[in-house]
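Worksheet for the structure shown next.
Each ligand, and each atom within it, is numbered from 1 in the order the structure gives.
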Amino acid sequence: MTTVPTPESRSVPTPGRVRLRRMRATPARRRLAAQTRVHAEQLILPMFVKEGLTDPRPLGSMPGVLQHTRDSLRRAAVEAAEAGVGGVMLFGIPERRDAVGSCATEPDGILNVAIADVVAEVGDALVVQADLCLDEFTDHGHCGVLAPDGSVDNDATLVRYADMALAQAAAGVDLIGLSGMMDGQTAACRDALDAAGFTGTALLAYAAKYASAFYGPFREAVESELQGDRRTYQMDPANRREAAREVAADVAEGADVVMVKPAMSYLDVLADVAATSPVPVWAYQVSGEYAMIEAAAANGWIDRRRAITESVLSIRRAGADAVLTYWAVELAHWLSEGTR
Ligand code: PBG
């Protein structure tokens, strides 16, 4: 019968020379050894402004996020600039919606006036960006105009997008976020802007934007009227290689920056794109990602600050040069305290 050696007689295994814990031993070592850093200037704050609102309105599914009035938007943009974030991304909610999203292209449409407001207030300190898409402006809630059979008409939508780009550029926008996932949208907007002399207006192509359930709370934020889904134009969450084709197309069409969206469930896609993209790569930590962490933290199930910090750090680690996040300002304040 074999006898089990006593603890005293057993030889103790050692890792030998390799001890990875050495560089984790003190806060100072960990700080110096960190391979990824997050800076306030790499954060972009998405903001909502609603036409006709008299007081800012909190969003139930996104605690801490507001629908702004024009005035409160201006003040919040100043706060963002003071916190040192890199930019803001504006979304507008009109009072009136129709089939073609008319308010999107009217010079006094809510998004266009809000762009001018924010540029006047903080245009030198921040990159003032705006969402270019029709879903907030259409009564059917789709990101484009509809063909008679009810499908989203790609090429007819490009005409609307080009007009929208011109309206936003005329309002003074720095950079336009093309989030509609129509084929050819980057080229259509670039050509229209260039022909009108807006050669300096930059384009952020939401190159790899997936048809995601994680946009749920955003639909409340913009009071979306969408029935159904966006699977005929946004990417299938199953597809990884396809992102490279989307990025290549947008870069060829003149995109200055490309986006991967959502972020946390698509870190593989983000890492792929970051490894090959010739232009900066940004990622959007979307409303559902925000809501999940806030809800879990409110229940005491996770440490809110650590979870937020870790989530944005992980998006940077995967390769994002900048991150759109609803926590941009709060995180910027934490970063200025020098802690992670
Ligand atoms: C489309 C747009 C959406 C988001 C940003 N731009 C919604 C959608 O595609 O359904 C979602 C952002 C978020 O969930 O935080 N204009």
among protein heavy atoms, the one nearest atom 16 (N) of ligand 1 is Asp135 OD1, 2.7 Å

Nearest protein heavy atom to atom 12 (C) of ligand 1, by residue and atom, and its distance? Phe218 CD1, 3.3 Å

Strictly under 4.0 Å, does any heavy atom of Gln285 approach an atom of ligand 1? no

Could a heavy atom of Tyr290 be found less than 4.0 Å from some atom of ligand 1? no

Is it the case that the side chain of Arg160 and the backbone of Gly101 share a donor-acceptor pair, with hydrogens and angles ignored and the cut-off at 3.5 Å? yes

The protein heavy atom nearest to atom 14 (O) of ligand 1 is Ser287 OG, 2.7 Å

The atoms of ligand 1 lying under 4.0 Å from a heavy atom of Gln234, numbered in the order shown, are 8 (C), 9 (O)

Counting only heavy atoms not in Glu51 (residues, nucleotides, ligands), do more than 12 fall under 6.0 Å from its CD? yes

A student checking ligand 1 against Phe91 at a 4.0 Å heavy-atom cut-off should list atoms 5 (C), 6 (N)

Proximal ligand 1 atoms for Cys133, defined as those under 4.0 Å from one of its heavy atoms: 1 (C), 16 (N)

Would you confirm whether Gln42, through its side chain, and Ala322, through its main-chain N or O, come within 3.5 Å as a donor-acceptor pair? no

Closer than 3.5 angstrom, by distance alone: can the side chain of Arg74 be matched with the main-chain N or O of Val118 as a donor-acceptor pair? no

Shortest protein heavy-atom distance from atom 11 (C) of ligand 1, along with the residue and atom involved: Lys261 NZ, 3.2 Å

For atom 2 (C) of ligand 1, which protein heavy atom lies nearest, and how many Å away is it? Lys209 NZ, 3.1 Å

Whether Gln285 side chain and Thr325 backbone form a donor-acceptor pair below 3.5 Å: no

What atoms of ligand 1 come closer than 4.0 angstrom to any heavy atom of Tyr284? 12 (C), 15 (O)

Run the numbers for me: atoms of ligand 1, each under 4.0 Å from some heavy atom of Arg219, listed by number. 8 (C), 10 (O)

Are Lys261 and Tyr215 in a cation-pi contact, defined as NZ or CZ under 6.0 Å from the six-membered ring centre and within 45° of the axis? yes

Sidechain-backbone polar pair: Glu220 side chain, Met62 backbone, donor-acceptor under 3.5 Å: no

Which residue and atom name correspond to the protein heavy atom nearest atom 8 (C) of ligand 1, and how close is it? Arg230 NE, 3.4 Å

Which atoms from ligand 1 have a heavy atom of Tyr326 less than 4.0 Å away? 12 (C), 13 (C), 15 (O)

Between Asn154 and Asp183, is there a donor-acceptor pair closer than 3.5 Å when you use the side chain of the first and the backbone of the second? yes

Glu121 bridged to Arg70 by N-O distance under 4.0 Å: no

With heavy atoms under 4.0 Å as the rule, classify the contact between Leu226 and ligand 1 as side chain, backbone, both or neither. neither

Measure from the side-chain N and O atoms of Thr105 to the backbone N and O of Ser102, and report whether any donor-acceptor pair falls under 3.5 Å. yes

